[in-house]
Amino acid sequence: MGKRGRKPKTPIPETLDSPTTTVASPPPPPITTAATGLDDAVFSVSNVEIIEQPQASHPHQEGRRRGRPKKLRKLTDNPEIMTPSRRVPRAVDNGEHKGSLGPAVAVSDPGAAWEGVARAVPAMDAVVKVFCVHTEPNFSLPWQRKRQYSSSSSGFVIGGRRVLTNAHSVEHYTQVKLKKRGSDTKYLATVLAIGTECDIAMLTVDDNEFWDGVSPVEFGDLPALQDSVTVVGYPIGGDTISVTSGVVSRIEILSYVHGSTELLGLQIDAAINSGNSGGPAFNDRGNCVGIAFQSLKHEDAENIGYVIPTPVIMHFIQDYEKNGAYTGFPILGVEWQKMENPDLRMSMGMKPDQKGVRIRRIDPTAPESQVLKPSDIILSFDGVNIANDGTVPFRHGERIGFSYLISQKYTGDNSVVKVLRNSEILSFDIKLASHKRLIPAHNKGRPPSYYIIAGFVFTAVSVPYLRSEYGKDYEFEAPVKLLDKMLHSLPQSPDEQLVVVSQVLVADINIGYEEIVNTQVLALNGKPVKNLKNLASMVEECEDEFLKFDLEYQQMVVLRTNTAKAATLDILATHCIPSAMSDDLKT
């Protein structure tokens, strides 16, 4: 029992925003990417960080000592090295020219210099600093919350008096405030929508003064490789706006650490640090092409940052405008296998010119389970042919995973899926839905559910719960059976939950059961337990003499029904617990 909630052995920098949940380990928001020539270890979750907000910024004092005078002399000698776009933001940010820098900003052609500036400055004025106070639920003691903490990140103004930032920047928020560039006033903000999967949140401000003189950012198209990008935000290291630049290094389906999903993403080589989260990435025309959201930290990798591209941003915005709320990204509820082996293709009855992927298994709660079957070969999605490795054509000379096509759709949309079954080609019109996991990656802002009887604390397992119990290395520390269910089990019904005995609050009635921790509850008095609410109602309505709980590993817990119910009130009072069950179980 001493092991519960222990900290990981190697300290990992934490993201002050939300914990991220993925099938990998959950550290500061990590991200996985397939980089050539690097070990798999490089891309474990513990290496990827969500660039969030620093709780307090500690400017690095050493920066002043490192050869700065030499650089300034160089610039002064060759003024043309310093382009207007580099120079002007610095002058504007500080509000004045330092005397020593005066000569360095002289330009031979003032007209050409300020032409670029006129474009950049209004766009940068739309970038705001986001201040958030978070109060996270305590998943291990679900009747209370953790101590509140504050963080800062970036955001930017879009049309319709709205502001975009990252979802992990405002997760478990109790208060959100925004500050404009060059302003000394913080304005209270209202959270309109949080898109957990795509790591985007939408805010607004009621105070009309906030919107005075602010021009919304305009969105650009998906950039090409080697296109230049400029990331603007308020990262750690100072209080004023910061600008870093780089190029687009890669465009592919990325693992979104915070949302535990895979969506289109951009990899860039511009520096992205804590506090950059939610800041825009501009192209050279001053249009926004993405939102900075996570970076890869590893000794073998340098300057790898990730940006949410405009197709994902526009999906989020249009989803909100169409439905009045965020409904998520649909998925095809199947697990599939590549068909690259010629013998495998031949055995499935595929002709030499046919390509596709084989369905391994289907989520029983997904609409597709009504029409698709295991071992069907998916040949195309909405008329786009799928290759044997699961990719589809993407722009000129590029290919991308076919999940990209699905993520372009909205929940409830219909799609035509063509499959090969017993050498026969069939077409199905399928209604797409979002995914339901047996162990959810997020609680989406809801407080955790719990039920207490005779000191036994029952709760439903989620990834935040596992992280709370076992730390960021929960993928190595949690019980194997729970990890196996998290990675491989599919829910058999939409309301199914994995219910465990979280802990036993010691009392006379539960002598001998004290060491039961995080063990799944399979049945009560011979009836299977479907979810926590089902368990609570069965206990409350039980009129048998004994409560017999069947647990994982063939364990059994038996309590006398009347005594157990009578002892519960005293146990709650001893531990200062306000109620024997969470509010959502009372309705």
Side-chain angles (χ1 to χ4, degrees), residues 22-24 32-34 40 43 197 252-256 260-264 328-394 398-409 411 413-439 441 483-494 496:
T22 23
V23 251
T32 61
T33 99
D40 289 345
F43 302 108
E197 289 88 350
E252 65 178 0
I253 299 292
L254 291 178
S255 174
Y256 280 44
S260 292
T261 48
E262 293 194 340
L263 296 169
L264 187 67
F329 287 74
I331 66 155
L332 202 59
V334 300
E335 293 179 4
W336 52 270
Q337 172 187 358
K338 295 179 180 181
M339 294 292 289
E340 294 174 312
N341 185 277
D343 296 338
L344 177 61
R345 289 201 301 273
M346 190 179 297
S347 70
M348 301 302 295
M350 294 176 70
K351 296 175 183 171
D353 60 336
Q354 289 179 325
K355 295 181 179 181
V357 293
R358 173 184 170 268
I359 296 177
R360 291 197 289 130
R361 56 180 186 159
I362 305 170
D363 182 351
T365 64
E368 300 84 72
S369 62
Q370 306 299 317
V371 290
L372 299 180
K373 295 181 179 179
S375 284
D376 281 353
I377 309 296
I378 304 177
L379 302 175
S380 70
F381 181 88
D382 269 352
V384 181
N385 291 331
I386 299 171
N388 290 323
D389 62 353
T391 60
V392 293
F394 178 69
E398 298 177 60
R399 298 190 70 83
I400 198 166
F402 82 96
S403 63
Y404 168 70
L405 301 177
I406 305 165
S407 67
Q408 297 291 91
K409 298 281 196 174
T411 304
D413 283 0
N414 282 27
S415 292
V416 177
V417 176
K418 190 181 289 185
V419 302
L420 180 71
R421 181 183 298 167
N422 301 327
S423 301
E424 183 183 355
I425 296 178
L426 306 171
S427 268
F428 297 110
D429 197 9
I430 292 175
K431 186 174 183 178
L432 297 173
S434 50
H435 187 34
K436 170 78 174 67
R437 296 182 182 175
L438 180 62
I439 296 184
L483 291 176
D484 178 63
K485 290 184 170 75
M486 179 185 79
L487 295 172
H488 304 296
S489 288
L490 297 174
Q492 299 304 307
S493 63
E496 183 179 354

Visitor: Which pair of non-hydrogen atoms, one from S434 and one from T411, has the smallest distance, and what is that distance?
Guide: N-CG2, 4.2 Å
Visitor: To the nearest 0.5 angstrom, please state how far the CG atom of N388 sits from the CG atom of N341.
Guide: 10.0 Å
Visitor: Do you know which two heavy atoms are closest between Q492 and T365, and how far apart they sit?
Guide: C-CG2, 4.1 Å
Visitor: For the pair V419 and L379, evaluate side-chain contact (heavy atoms from CB on, under 4.5 Å) and give the outcome as yes or no after the intermediate values.
Guide: CA-CA 5 Å; V419 302; L379 302 175; 5.8 Å; no
Visitor: Salt bridge (charged side-chain N to carboxylate O under 4.0 Å, His left out), that's the test. Do D389 and K355 meet it? Break it down for me.
Guide: CA-CA 9 Å; D389 62 353; K355 295 181 179 181; over 6 Å; no
Visitor: Under a 3.5 Å distance rule, please check whether R345 uses its side chain to pair with a backbone N or O of E340 as donor and acceptor.
Guide: yes
Visitor: Between the side chain of N422 and the main-chain N/O of E424, is any donor-acceptor distance below 3.5 Å?
Guide: no
Visitor: Could you check I378 against I359 for side-chain contact (heavy atoms from CB on, under 4.5 Å), going step by step and ending with a plain yes or no?
Guide: CA-CA 7 Å; I378 304 177; I359 296 177; 3.8 Å; yes
Visitor: Is a side-chain donor or acceptor of E496 paired with a backbone partner of P491 at a separation under 3.5 angstrom?
Guide: no
Visitor: Which heavy atom of A366 sits nearest a heavy atom of G333, and at what distance?
Guide: CB-CA, 4.1 Å
Visitor: Can any side-chain N or O of Q354 pair as donor or acceptor with the backbone N or O of K351 at less than 3.5 Å?
Guide: yes
Visitor: Could you grab the distance from atom CD1 of I362 to atom CD of Q370, nearest 0.5 Å is fine?
Guide: 10.0 Å
Visitor: So which atom in G349 and which in L420 form the shortest heavy-atom distance, rounded to 0.1 Å?
Guide: O-CD2, 3.9 Å
Visitor: About how many Å separate CD1 of I377 and CD1 of I386, when rounded to the nearest 0.5 Å?
Guide: 11.0 Å
Visitor: Once you round to the nearest 0.5 Å, how far does NZ of K485 lie from CG of L438?
Guide: 8.5 Å
Visitor: Regarding R360 and Q337, is there a side-chain donor-to-acceptor distance under 3.5 Å anywhere?
Guide: no
Visitor: Which of these passes salt bridge (Lys or Arg N to Asp or Glu O under 4.0 Å) with D376: K418, R421, R361?
Guide: R421
Visitor: Is a donor on one side and an acceptor on the other found under 3.5 Å between the side chain of T261 and the backbone of E197?
Guide: yes
Visitor: Minimum heavy-atom separation for V416 to S427, with atom names?
Guide: CG1-OG, 4.2 Å
Visitor: Between S380 and N385 (side chain of the first, backbone of the second, donor and acceptor by atom type, cut-off under 3.5 Å), is there such a pair?
Guide: no
Visitor: Please lay out, stage by stage, how I400 and I253 fare under the test side-chain contact (heavy atoms from CB on, under 4.5 Å).
Guide: CA-CA 7 Å; I400 198 166; I253 299 292; 3.7 Å; yes
Visitor: Relative to the ring of W336, is the ring of F402 parallel (under 30°), tilted (30 to 60°) or perpendicular (over 60°)?
Guide: tilted
Visitor: Applying side-chain contact (heavy atoms from CB on, under 4.5 Å) to L490 and R437, what does each step give before you reach the verdict?
Guide: CA-CA 7 Å; L490 297 174; R437 296 182 182 175; over 6 Å; no
Visitor: Below 4.5 Å, heavy atoms only, C-beta onward: do V392 and F394 meet side chain to side chain?
Guide: no
Visitor: Donor-acceptor pair, Y256 side chain versus L264 backbone, under 3.5 Å?
Guide: yes
Visitor: For S369 and P364, work out which heavy atoms get closest and say how close.
Guide: OG-O, 3.3 Å
Visitor: To the nearest 0.5 Å, tell me how far M348 CE sits from R358 CZ.
Guide: 5.5 Å
Visitor: State the OG-CD distance between S403 and E262, to the nearest 0.5 angstrom.
Guide: 6.5 Å
